[in-house]
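Worth saying up front: this structure is predicted, and the values here are computed from it rather than measured. Starting from 1, each residue takes its place in the sequence as its number.
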Amino acid sequence: LHRQNRLTSRLLETGNTVETGGKVIVKVVATGYSSSVLETDNTPFITATNTTTRNGILALSRDLLREFTPGAPFAFGDRVHVSGLGDFLVEDVMNARWTQRADVWFPSRGEAIHFGLRQVVLSRTLEENRRVVDGIMSERAETKTAANGL
């Protein structure tokens with residue numbers, strides 16, 4: 001715990017991404033969003049990964065996602081800890097104009113606006129994410145098999 005606090009302090013001082021011991025820590029600006037066409041595209045209840053919006057969903061800017069930026073620290077399906085808020089699944093992406101940003105989904109526009117704009121630290125553990133992604137892929141395979149009747 002003391003080591004993680006030192007890493008977080010170093011990150012906040014330098015503004016850099018820290019990767020150590022299988023853990024990635026990134027400081028970003030976080031905002032809130034809701035399922036409104038004013039804040040999203042024309043499918044406001046569907047995420048970039050084709051899931052339904054719900055509590056616990058996180059959208060990241062394209063520079064933080066490996067699907068858009070090779071070598072980026074996060075990928076769709078990652079479980080990410082947001083300092084002061086808890087754990088979220090990365091299932092959405094922000095508009096290309098944003099960089100070094102995270103967007104937390106809220107059920108209403110009022111809640112998203114109330115959340116405001118704040119600096120947070122995102123972190124993920126490689127081993128933990130491997131288990132989460134394996135579980136998601138297994139569930140998708142089971143659902144697809146059941147839908148096909150095979």
Exercise. Hey, quick one: are V29 and M94 part of the same hydrophobic cluster, counting side-chain heavy atoms closer than 4.5 Å, chains of contacts allowed?
Worked result: no

Exercise. Does a side-chain heavy-atom distance below 4.5 Å link T31 with R118?
Worked result: no

For this session: Check the hydrophobic clustering (I, L, V, M, F, W, Y; side-chain heavy atoms under 4.5 Å; chains of links allowed) and say if V80 and L64 are grouped together.
Result: yes

Problem set entry | Contacts of F106 that satisfy ring-ring contact (aromatic ring centres under 6.0 Å, His included) - sequence neighbours left out | F115

Exercise. Looking at residues at least two apart in the chain, or sitting in another chain, which of them share a side chain to side chain donor-acceptor pair (under 3.5 Å) with E111?
Worked result: S108

Exercise. Can you tell me how far CZ of F88 sits from CG of N55, rounded to the nearest 0.5 angstrom?
Worked result: 8.5 Å

Exercise. Can you get from V24 to L122 by hopping between Ile, Leu, Val, Met, Phe, Trp and Tyr side chains that sit under 4.5 Å apart?
Worked result: yes

Seminar exercise, completed: What one should report as the nearest heavy-atom pair of A75 and V90 is O-CB, 3.7 Å

Exercise. Who are the side chain to side chain donor-acceptor pair (under 3.5 Å) partners of N95, not counting sequence neighbours?
Worked result: none

For this session: List, by chain and number, the other hydrophobic cluster members for I113, where Ile, Leu, Val, Met, Phe, Trp and Tyr join if side-chain heavy atoms come within less than 4.5 Å, directly or indirectly.
Result: none

Exercise. Just wondering, do D92 and Y33 contact through their side chains at under 4.5 Å, heavy atoms?
Worked result: yes

For this session: State, with a plain yes or no, whether a side-chain heavy atom of I57 is found less than 4.5 Å away from one of T47.
Result: yes

Problem set entry | side-chain contact (heavy atoms from CB on, under 4.5 Å) partner of I25, the single match among P73, S123, S83 | S123

Exercise. If we only count heavy atoms from C-beta on, is the T51 to I46 side-chain gap below 4.5 Å?
Worked result: no

For this session: If a pair satisfies salt bridge (Lys or Arg N to Asp or Glu O under 4.0 Å) and one of its residues is in residues 44-55, list it, with sequence neighbours excluded.
Result: R54-E91

Exercise. Got Q119 and K27 here, is their nearest side-chain heavy-atom distance under 4.5 Å?
Worked result: yes

Problem set entry | Listed partners of S35 passing side chain to side chain donor-acceptor pair (under 3.5 Å), at least two apart | T53, W105

Exercise. A112 and S34: which non-hydrogen atoms are nearest, and at how many Å?
Worked result: CB-N, 4.2 Å

Exercise. Do the side chains of V104 and F76 join up, straight or via other hydrophobic residues, at under 4.5 Å, putting them in one cluster?
Worked result: yes

For this session: Using a 4.5 Å cut-off on heavy atoms from C-beta on, say whether the side chain of R79 contacts that of L58.
Result: no

Problem set entry | Which residues share a ring-ring contact (aromatic ring centres under 6.0 Å, His included) with F74, sequence neighbours left out | none

Exercise. What's the spacing between R124 CZ and H81 NE2 if we round to 0.5 Å?
Worked result: 15.0 Å

For this session: Scan residues 62-73 for pairs that pass side-chain hydrogen bond (donor to acceptor under 3.5 Å, both in side chains), counting only residues two or more places apart or in two chains.
Result: S61-D63, D63-Q100

Exercise. Taking C-beta and beyond as the side chain, do V28 and R101 meet within less than 4.5 Å on heavy atoms?
Worked result: no

For this session: List for me each residue that meets salt bridge (charged side-chain N to carboxylate O under 4.0 Å, His left out) alongside R109, sequence neighbours excluded, and say none if there are none.
Result: E39

